[in-house]
Amino acid sequence: MAAAKGVFVTGTDTGVGKSVVAAALAHYLRHQGINVGVMKPIESGVADPEQPGPDAVMLQTAAGTDDPVDMISPYRLNEPLAPAVAAQRAGVKIVPAHIIDQYHELCSRHDFIIVEGAGGLMVPIAGGILIADLAKQMDLPLLVVTRPNLGTINHTFLTVFSARQMQLPVAGYIINRMPANPDAASETAPHTLSSLISADLLGVLPDIEGVSQSDLVKLVAAEIETSPALGLLHANLQISL
C-alpha cells in the first residue's frame, strides 16, 4: 500500500501539549478544505475505557470526522501509565498489527492523517515494541512537539537523534507553550535548538491559559495559520491547498 499523506505527532516528554497541537493542526487543515482523519492508537488514563478518551474526543472534534471510535482509538486504558504497563495491569493485549489495520482503513477514508502517539518515541506499547516502531510501520514523518523551558535542548536533541538512528523521517519540530514573559532558558531556546537540531523549526506557539479546551484548540490553530513558518510546515508535510 502506498504511504498516505500525514504526520505522526510525538513529544519530547509527556505533558508537552502534543494533543492540543495535533488537534489544532487537524482544525486548521479541516478549515482549509482538507479531508483530514485523526488517530490516537493507544490512550491511557481513560476513566471509562468503553468510551473514547479525552485526547481522541479532542482530535475527532477538531477534525469533524464520523469515523468509529474503535478505529480512531483502538486501545483505551484506564490507568495513566505507559501503554505496555497499563495494558498488562488491565489484562489487555495490545496487537500492533490491529492498530496498523485500523490506520490503513482511516487512510482509505481521508486525504491526510494525523496520528498522535503516547508520550515520546521510546514509550513501550507491547513487549519490546515502542511508539517509534509504530510510527515506522505507518511510514509517516514525525512532528516533534517540545517545550521551551530548561531541559528542552537535551530532550529535543535526544528525540530527533533517536529518530534519525531509527531511520524515521522528521518533518520538523514545534516549540509549544512559550510563556508571554519567558525566562532566559525559554527566550533563547528557539535559536539554540535551531543551531543544534538537524530538523526544521516549524513554529513557536504561545502558552494560552484561562480558556476552554475547545477554544484553546481554535486559538492554537489560529497561531499555526499565522505562523511565519507556515509555508515550511506545508512543504515539509506535503500539504497542498
Side-chain angles (χ1 to χ4, degrees), residues 7-28 44-45 54-55 58 80-82 114-124 130-132 135 141-166 168-213 215-237:
V7 65
F8 193 103
V9 180
T10 191
T12 54
D13 198 357
T14 188
V16 296
K18 67 182 181 304
S19 298
V20 170
V21 172
L25 182 59
H27 182 277
Y28 165 71
S44 56
D55 290 351
M58 180 166 56
L81 302 168
I114 297 173
V115 181
E116 185 204 344
L121 287 178
M122 298 304 151
V123 169
L130 309 172
I131 287 289
L142 299 177
L143 175 59
V144 178
V145 179
T146 188
R147 54 189 175 84
N149 50 322
L150 188 64
T152 192
I153 294 171
N154 183 58
H155 287 179
T156 309
F157 198 108
L158 284 173
T159 298
V160 174
F161 178 80
S162 298
R164 301 293 191 201
Q165 290 294 104
M166 298 183 74
L168 292 169
V170 180
Y173 63 99
I174 283 178
I175 300 174
N176 190 36
R177 294 179 176 165
M178 178 63 77
N181 298 298
D183 60 15
S186 296
E187 184 177 26
T188 58
H191 175 75
T192 305
L193 286 171
S194 294
S195 68
L196 292 172
I197 306 298
S198 59
D200 292 323
L201 175 57
L202 300 180
V204 179
L205 303 176
D207 188 19
I208 302 172
E209 299 179 336
V211 299
S212 67
Q213 187 178 77
D215 285 343
L216 176 60
V217 169
K218 294 173 185 176
L219 290 169
V220 175
E223 292 288 340
I224 291 173
E225 186 170 9
T226 58
S227 169
L230 181 63
L232 188 59
L233 178 74
H234 283 187
N236 287 15
L237 297 185

(message) Taking L81's backbone N and O only, do any of them form a donor-acceptor pair with S44's side chain (distance below 3.5 Å, no angle check)?
(response) yes

(request) List the steps and the verdict of side-chain contact (heavy atoms from CB on, under 4.5 Å) for I197 and V170. (result) CA-CA 11 Å; I197 306 298; V170 180; over 6 Å; no

(message) Does any part of the side chain of L121, heavy atoms only, come nearer than 4.5 Å to the side chain of L130, both counted from C-beta?
(response) no

(message) Rounded at 0.5 Å granularity, tell me how far CD in Q165 sits from CG in L158.
(response) 11.5 Å

(message) Has N176 got a side-chain atom pairing as donor or acceptor with V16's backbone, closer than 3.5 angstrom?
(response) yes

(message) Would S194 and Y173 count as a side-chain contact (heavy atoms from CB on, under 4.5 Å) here? Give the steps.
(response) CA-CA 10 Å; S194 294; Y173 63 99; 3.6 Å; yes

(message) Which heavy atom of A229 sits nearest to which heavy atom of L201, and what is that distance?
(response) CB-O, 3.9 Å

(request) Using atom types as modelled and distance alone, determine if a side-chain donor or acceptor of D183 lies under 3.5 Å from a backbone N or O of A185. (result) yes

(request) Calculate, to the nearest 0.5 Å, the distance between atoms CG and CG belonging to L143 and L25 respectively. (result) 7.0 Å

(request) Check whether more than 12 heavy atoms from other residues, nucleotides or ligands sit under 6.0 Å from atom CG of L196, and answer yes or no. (result) yes

(message) Show the nearest heavy-atom pair for residues A171 and D200, with the distance to one decimal.
(response) O-CB, 4.3 Å

(request) Mind listing the closest non-hydrogen atom pair of S186 and N149 along with its distance? (result) OG-CA, 3.5 Å

(message) Quick check: closest heavy atoms across R177 and G17, and the distance to 0.1 Å?
(response) NH2-CA, 3.9 Å

(request) State the CG-CD1 distance between L219 and I224, to the nearest 0.5 angstrom. (result) 11.5 Å

(request) Kindly say whether E223 contributes a backbone atom to a donor-acceptor pair with the side chain of S227 at under 3.5 angstrom? (result) no

(message) Measuring from atom CG of L233 to atom OH of Y28, what distance do you get when rounded to the nearest 0.5 angstrom?
(response) 7.5 Å

(request) Using the side chain to side chain contact (heavy atoms under 4.5 Å, CB included) rule, pick out the option among L205, V144, V220 that qualifies with I174. (result) L205

(message) On a heavy-atom basis, which atom in E209 and which in D207 lie closest, and how many Å separate them?
(response) OE2-OD2, 3.5 Å

(message) Please find the pair of heavy atoms, one from I131 and one from G120, that lie closest to each other, and give the distance.
(response) CB-O, 3.6 Å

(request) For the pair T152 (side chain) and R147 (backbone), establish whether a donor and an acceptor sit closer than 3.5 Å, ignoring hydrogens and angles. (result) yes

(request) Decide yes or no on side-chain contact (heavy atoms from CB on, under 4.5 Å) for T146 and T159, but give the supporting numbers first. (result) CA-CA 10 Å; T146 188; T159 298; over 6 Å; no

(message) Side chains of V20 and M58, heavy atoms from C-beta outward: is any pair under 4.5 Å?
(response) yes

(message) Using the side chain to side chain contact (heavy atoms under 4.5 Å, CB included) definition, which of the options T188, V160, T156 pairs with L193?
(response) T156

